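One structure is given below, encoded as structure tokens.
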Number of protein chains: 2
Amino acid sequence: MRLARKPKISRVRKARQDRALGTVDTILRATAHVLVRDGYDKASTNRIAERAGVSIGSIYQYFPNKEALFGALVERHIEEMRGVLVSTFADVLSKPFPEAVRAFVLAMIRAHAVDPALHRVLIEQLPRVGSLPLARVRDVEADAVTLVKTYLAHLAESTSLVLPKDLDVAAFLAVTTVEAATHKAVLHERDLLARPSFVDELVDMVVRYLLRDEAAEKPRAPTATATKISAPRRRRAS
Amino acid sequence: MRLARKPKISRVRKARQDRALGTVDTILRATAHVLVRDGYDKASTNRIAERAGVSIGSIYQYFPNKEALFGALVERHIEEMRGVLVSTFADVLSKPFPEAVRAFVLAMIRAHAVDPALHRVLIEQLPRVGSLPLARVRDVEADAVTLVKTYLAHLAESTSLVLPKDLDVAAFLAVTTVEAATHKAVLHERDLLARPSFVDELVDMVVRYLLRDEAAEKPRAPTATATKISAPRRRRAS
DNA sequence: ACATGATGTGAGCAATAGCTCATGTTTGCT
DNA sequence: AGCAAACATGAGCTATTGCTCACATCATGT
């Protein structure tokens, strides 16, 4: 209600003792819990404090305001998903093409499976938490697009594979497609997701699109070769 | 804040006179305006009334509560987009395959261009408005998937085209892909959207995926034939 | 043992939200 | 013209929110 007021003095402490670290973690867990259970509207700071078994004062000891509290939660969740993604990307990039796509898809599914319920609420209500967390998500997505684009460029140079001309659009479409499909499937179409054909088809779709050769006829075509590529730029340490 | 209270008596009027119809329209316009300008959190009923140049009382004359107000706005917007979509679908279905896909993509872009700013806020904050409007959006999407699936089934029967085996997944992927790509492009990647290659590539992707023939080599392949198909089921009159 | 800063508490305040209702104004009908 | 119903008003009520601050407790070094 009163998010507009300028902070007079930074009264916010950083946790220095173990006890405090624990409190911060408890608060964030409670935030996630209440958010998932009651939705953003009902997730008042008082309620969160109650759930955490902590006084409201403690929350404002470590977070300047409600927005920062939710921001921290978002940041945490993004880093978790990002961790899953990045840790898989390393060997994704060294695989032959169709397998790399499959690994990419599987990584995306795993990343979305970290905490689906929280992920859902976060995605659905992210902008309400301020513009910063939303920007962070776009950063991650932009990173992915850049990565894929670079990967495709390397592929085009070092192999005989025929790729789309407009790699900007191609990378955007590939990432958007995989992200959207896994996102929607994990959140709303668990039965489709459970079918083996789901991953197969999604991989098939992306491979068929990116590969303009008779090599695309069989996903297992041994035409593609391995390519190393630089890791995605990090904005800060995880 | 006080959405939980049970309605004692339906005090809500239906607009019968022209003046009232105008008031309702003014209120909804103001709701959209404030929502886009200030975001959902700041979009209080008092503020909306002020913007509309109408007293708060008037709002509660036609909407039982804030949720219903936003619900009505969502309903309106959905019907508008749906109108654009459905009106294009008629001739989409009578076209040869690759052209049908292109028309479908263009229709989706047009639908998202109805009121992008409002669409954005609505999408981003929809769930907060209650579960009903969100369900309506899913209905529309589910309709699209069903429609595409039926279309594909007819295609498979009446032509020699080779399609994916799992039509459920195929239809889901096709709709999700086109929806997500156009949605993200319209909202966040206007520069990509502006390139001619955007539509070309998106169409190409879907066509290549759905068509497992040498017929897919050239999007303009004259192999595909026209097929008529029933219109999407409506839930209520527009 | 004691001092000092880090940590934790919770009653309560100012602001604002959604919403009501007593009252006034306009419209349509005879 | 006159009347009833539809329409419109807005001061103000209550609930609740985000947040403060004076104070208590704990952890640690000396």
Side-chain angles (χ1 to χ4, degrees), chain A residues 1-28 30-31 34-35 38-72 128-130, chain B residues 1-28 30-31 34-35 38-72 128-130:
Chain A
M1 302 290 162
R2 207 146 39 92
L3 286 180
R5 176 182 292 187
K6 283 284 165 291
K8 322 175 173 187
I9 293 175
S10 172
R11 224 171 274 296
V12 191
R13 292 201 188 141
K14 261 182 198 164
R16 296 179 200 284
Q17 304 178 359
D18 280 5
R19 182 166 56 127
L21 264 312
T23 304
V24 170
D25 187 70
T26 305
I27 290 171
L28 284 179
T31 306
V34 173
L35 203 49
D38 303 340
Y40 182 86
D41 265 339
K42 307 292 187 63
S44 68
T45 49
N46 288 290
R47 200 186 278 231
I48 290 168
E50 187 189 29
R51 163 76 201 184
V54 151
S55 107
I56 339 133
S58 289
I59 290 183
Y60 287 91
Q61 199 105 164
Y62 302 104
F63 304 97
N65 51 48
K66 196 192 179 188
E67 182 173 329
L69 173 61
F70 283 89
R128 315 214 47 221
V129 157
Chain B
M1 299 297 157
R2 207 146 41 92
L3 287 179
R5 177 182 290 186
K6 285 280 165 294
K8 321 173 173 189
I9 292 174
S10 172
R11 222 172 275 296
V12 190
R13 291 204 188 138
K14 260 184 199 163
R16 296 177 201 285
Q17 304 177 0
D18 280 3
R19 181 167 56 127
L21 264 312
T23 304
V24 170
D25 187 69
T26 304
I27 291 171
L28 284 179
T31 306
V34 173
L35 204 51
D38 303 340
Y40 182 85
D41 265 339
K42 307 292 186 63
S44 69
T45 49
N46 288 291
R47 200 186 277 232
I48 290 169
E50 187 190 28
R51 162 76 201 183
V54 151
S55 106
I56 338 133
S58 288
I59 290 183
Y60 288 91
Q61 198 108 165
Y62 301 105
F63 304 96
N65 51 47
K66 197 191 179 187
E67 181 173 330
L69 172 61
F70 284 88
R128 315 216 48 221
V129 157

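Here is the naming used below: chain letters follow the sequence lines, and residue numbers restart at 1 for every chain. None of these values were measured; they are calculated from a predicted model. Values reported hereafter were calculated over all heavy atoms of this structure, with side chains retained and with hydrogens, waters and symmetry mates removed.
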Inset, instruction - State whether B:Ser58 places a side-chain N or O below 4.0 Å from either non-bridging phosphate oxygen (OP1 or OP2) of D:dT9. - result: yes
Inset, instruction - Ignoring backbone atoms, establish whether A:Thr45 has a side-chain N or O less than 4.0 Å from OP1 or OP2 of D:dG18. - result: yes
Legend entry - For the student: nearest non-hydrogen atoms of B:Arg47 and B:Lys42, plus distance: NE-O, 3.1 Å
Legend entry - Phosphate OP1/OP2 of C:dG8: any A:Tyr60 side-chain N/O under 4.0 Å: no
Inset, instruction - Return the value, rounded to whole Å, for the distance between atom CD1 of B:Ile56 and atom P of C:dC21. - result: 14 Å
Legend entry - Whole angstrom value for the distance that separates P of D:dC19 from CD1 of A:Ile48: 11 Å
Legend entry - Separation of D:dT17 P from A:Leu69 CG (nearest whole Å): 15 Å
Legend entry - Length of the line joining A:Tyr40:OH and D:dT17:P, which is rounded to integer Å: 12 Å
Inset, instruction - Describe the nucleic acid contact of B:Tyr62 in one word from base, sugar-phosphate, nothing, applying a heavy-atom distance below 4.0 Å. - result: sugar-phosphate
Inset, instruction - With the side chain of B:Arg19 defined as its heavy atoms from C-beta on, choose the nearest nucleotide among D:dT9, C:dC19, D:dC7. - result: D:dC7
Inset, instruction - Name the closest nucleotide to the A:Lys66 side chain, picking from D:dG18, C:dT9, D:dC7. - result: D:dG18
Inset, instruction - Would you mind telling me which residue lines up with the more 5' stretch of DNA chain D, A:Arg47 or A:Pro64, judged by nearest nucleotide? - result: A:Arg47
Legend entry - Distance in angstrom units between B:Asp38 CG and C:dA17 C1', rounded: 15 Å
Inset, instruction - Check the distance between C:dT20's C1' and B:Phe63's CZ and give it to me in whole angstrom. - result: 18 Å
Inset, instruction - Give the rounded distance in Å between these two atoms: CD of A:Glu50 and P of D:dT17. - result: 11 Å
Legend entry - For atom CD of B:Gln61 and atom P of C:dT26, their distance in whole Å: 15 Å
Inset, instruction - Write down the atom of B:Ala20, the atom of B:Tyr62, and the distance for their closest heavy-atom approach. - result: CB-OH, 3.3 Å
Inset, instruction - Answer with base, sugar-phosphate or nothing: what part of the nucleic acid does A:Ser44 contact at a heavy-atom distance below 4.0 Å? - result: sugar-phosphate
Inset, instruction - Give one of base, sugar-phosphate or nothing for B:Gln17, where a contact means two heavy atoms less than 4.0 Å apart. - result: sugar-phosphate
Inset, instruction - Using the closest heavy atom to pick a nucleotide of DNA chain D for each, name whichever of B:Asn46 or A:Ala43 lands nearer the 5' end. - result: B:Asn46
Inset, instruction - Taking all non-hydrogen atoms of both residues into account, name the closest pair between A:Thr45 and A:Ile59 and its distance. - result: O-CD1, 3.7 Å
Legend entry - Pairwise side-chain contact, A:Ile48 with A:Ile56, heavy-atom cut-off 4.5 Å (strictly under): no
Inset, instruction - Answer yes or no: does a side-chain N or O of B:Thr23 lie under 4.0 Å from OP1 or OP2 of D:dA8? - result: yes
Legend entry - Polar side-chain contact B:Asp18-D:dC7 base: donor and acceptor under 3.5 Å: no
Legend entry - Name of the residue among B:Thr26, B:Leu21, B:Ile27 meeting side-chain contact (heavy atoms from CB on, under 4.5 Å) with B:Thr23: B:Ile27
